[in-house]
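Each chain gets a letter, A, B and so on, in the order the sequences are listed, and its residues count up from 1.
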Number of protein chains: 2
Amino acid sequence: MVTARNTREDVIAAAGRLFAARGYHGTSMRDLGRELGLHGSSLYSHVTSKEDLLVAVVERGAERFEQSAEEALGSSDAPAERLRALIAGHIDVVLDHTDEAKTFLDEARSLEDPARRHIRDARNTYEKRFRAVIADGVSSGEFAPETDPKIATIFVLSILNAVERWYDPDGELDRAALVDEIWQFAITALTSS
Amino acid sequence: MVTARNTREDVIAAAGRLFAARGYHGTSMRDLGRELGLHGSSLYSHVTSKEDLLVAVVERGAERFEQSAEEALGSSDAPAERLRALIAGHIDVVLDHTDEAKTFLDEARSLEDPARRHIRDARNTYEKRFRAVIADGVSSGEFAPETDPKIATIFVLSILNAVERWYDPDGELDRAALVDEIWQFAITALTSS
DNA sequence: CCTACCGATCGGTAGG
DNA sequence: CCTACCGATCGGTAGG
């Protein structure tokens, strides 16, 4: 059996790879065809436009993060533990679905407006999950009373979203240790006054 | 006196604006010409190539950050205060030279290799300034002994580099308060065990 | 998924 | 800084 034909999912996965590596505008349909071993024009039997591809990749990224947050919040632990679960889930998405995560984080701005707004909303929803947990911790007295949940959330997400830019999966710091470092940093900042 | 001719500096400034807003690959030389009120081909009397422009903008960004760090470290205060000065300086660069800062942070990856390496080095040098201050704080006992200066530096810079993505200069949080929030968050995480 | 294209746009040059 | 271009490449279509 020779190599089978590509599916739409194959095309989207390859697009994620290239968009993450070179950016949306830095990737041509012919580049993408080459990556899959077919002609650029043949891609149009799988997608209707280049932007259609960006939408698909970014949307998958958004779903991964959203699903991760929902699972993390399944437990009814204390705020500190729920924050830990959110952090661990976020890192899993970034490390297990790097291309989608990177494209979601860095290339969504190239989307045109219906999709763009939808992704903006998804991002806000995700952010609210973190904010609610932090606000809970402040209310319960577990976190410091001066904490501004909105700003603290931005800071934690800033750390999480930057991971793709520096973390080396083959380096000395393994995944569990990475989660631990981030959690420790965040929880210390949130707990002490 | 009618509008004077554009200088090379005008061209670089306009390029910074467009690169920051739409990305390097999302900006064409004709877009840039339009921004300046001249033909795309006329830009070549000021620059030798499109990448020449990216190099110029990114290089200016790197210089701003480097200069800011040097000034911040002029004082011989305690580590916590020197970290504060580094943070304040970084925020000044981001808010006063937003286009250069954004292009430096987000578009440097589109550089080809001599310039690319040079920028990577500049980034590492800048990072080392932060790391040295944090390491000093650990040595002096001012910061918690478990602190890993390398990782703590990455976390602080992650927060700083994300500012351009969410901060609204016309919002409720003014510059001094922004610096204060970041510093408080960082110093708390670094100080407590 | 290929062949054969399309018009538009790209970065860039020559010669004023 | 303009005019007049260049070859290459772009996203995309028609018709198998």
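The B:His39 side chain lies nearest to D:dC2 when the options are D:dG12, C:dG12, D:dC2.
The distance between atom OH of A:Tyr24 and atom P of D:dG11, rounded to the nearest whole Å, is 8 Å. Atom NE2 in B:His46 sits roughly 13 Å away from atom C1' in D:dC2 (whole-Å rounding). For the pair A:Arg30 CZ and D:dT9 C1', the computed distance is 7 Å after rounding to whole Å. Atom NZ in B:Lys50 sits roughly 8 Å away from atom P in C:dG12 (whole-Å rounding). In this structure, B:Met29 places its CE atom 17 Å from C1' of D:dT9, rounding to the nearest Å. Taking atom OH of residue A:Tyr44 and atom C1' of nucleotide D:dG15, one finds them 17 Å apart after rounding to whole Å. Distance B:Asp31 CG to C:dC10 C1': 11 Å, rounded to the nearest Å.
Taking a pair to require two hydrogen-bonding distances under 3.5 Å in either a Watson-Crick or a G-U wobble arrangement, D:dT3 pairs with C:dA14. When both pairing distances are held under 3.5 Å, D:dA8 makes a Watson-Crick or G-U pair with C:dT9.
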Evaluate the side-chain contact (heavy atoms from CB on, under 4.5 Å) criterion for residues A:Ile187 and A:Phe143: first the C-alpha distance (whole Å), next the side-chain angles of each, then the deciding distance (0.1 Å), finally the verdict.
CA-CA 8 Å; A:Ile187 222 64; A:Phe143 296 160; 3.8 Å; yes
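Electrostatic pairing of A:Asp106 and B:Arg165 counts as a salt bridge here, judged by a charged N lying under 4.0 Å from a carboxylate O. Between A:Asp113 and A:Arg117 there is a salt bridge, since at least one side-chain N of the basic residue sits less than 4.0 Å from a carboxylate O of the acidic one.
Put simply, B:Ser41 has no side-chain N or O that comes within less than 4.0 Å of OP1 or OP2 on C:dG12. Between A:Ser42 and the phosphate of C:dC2, there is a side-chain N or O to OP1/OP2 separation shorter than 4.0 Å.
At least one cation-pi condition fails for B:Arg109 and B:Tyr24: the charged atom is not both under 6.0 angstrom from the six-membered ring centre and inside a 45 degree cone around its axis.
Across all strands shown, A:Ser28 has heavy atoms under 4.0 Å from sugar-phosphate atoms exclusively, and none from any base.
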